[in-house]
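Step one of this worksheet: look at the structure below.
If you're wondering where the values come from, they're calculated on a predicted model, not measured in any experiment. Sequential numbering from 1 along the given sequence is applied to the chain's residues.
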Amino acid sequence: MNRIKRIILGLLATLLLLTTAPISADNHIYNPEAQTSNISSSLQTDRLASSNKKSVTVYITKTGEKYHRSNCRYLKKSKISISLSDAKKNGYTACKVCKPPK
């Protein structure tokens with residue numbers, strides 16, 4: 001009887017291994033459709049961001065010529081919010097330290 005149980009358990013384990021999704025080296029289930037949709041949604045987000053630059057907020061100072069991210073160390077004394085498109089129109093260029101969107 002024990003032998004039959006071991007055979008059945010072995011068959012069930014084999015069946016289970018054959019029906020599960022392959023797992024990658026970092027222990028994540030491999031799902032090529034999910035990867036494709038993630039890439040697709042990422043591209044859509046990038047397109048939206050590039051076509052809607054007016055909604056991106058950057059920061060300038062009272063006296064500087066650069067625009068910054070909100071957490072840049074150069075914004076300690078003054079921090080004025082402005083849209084990215086307005087900052088560019090007014091001649092501001094991107095800070096090389098905090099690397100805001102261009």
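In plain terms, the two heavy atoms of Cys98 and His68 that are nearest each other are SG-CA, 3.6 Å. What you find for Thr57 and Ser81 is that their closest heavy atoms are CG2-CB, 3.8 Å. Here the closest heavy-atom approach between residue Tyr74 and residue Thr61 is recorded as O-CG2, 3.7 Å.
Taking the side chain as every heavy atom from C-beta outward, Lys79 and Ser70 approach each other to under 4.5 Å. Side chains of Asn90 and Ile82 form a contact here, defined as non-hydrogen atoms less than 4.5 Å apart. Side chains of Glu65 and Thr93 form no contact here, defined as non-hydrogen atoms less than 4.5 Å apart.
Both Tyr92 and Val56 sit in one connected hydrophobic cluster of ILVMFWY residues. Membership requires side-chain heavy atoms under 4.5 Å apart, directly or through other members.
Between the CG atom in Asp86 and the NZ atom in Lys88 there is a gap of 12.0 Å [rounded to 0.5 Å].
In this structure, Tyr67 contributes its side chain and Pro101 its backbone to a donor-acceptor pair below 3.5 Å. In this structure, Lys62 contributes its side chain and Ile80 its backbone to no donor-acceptor pair below 3.5 Å.
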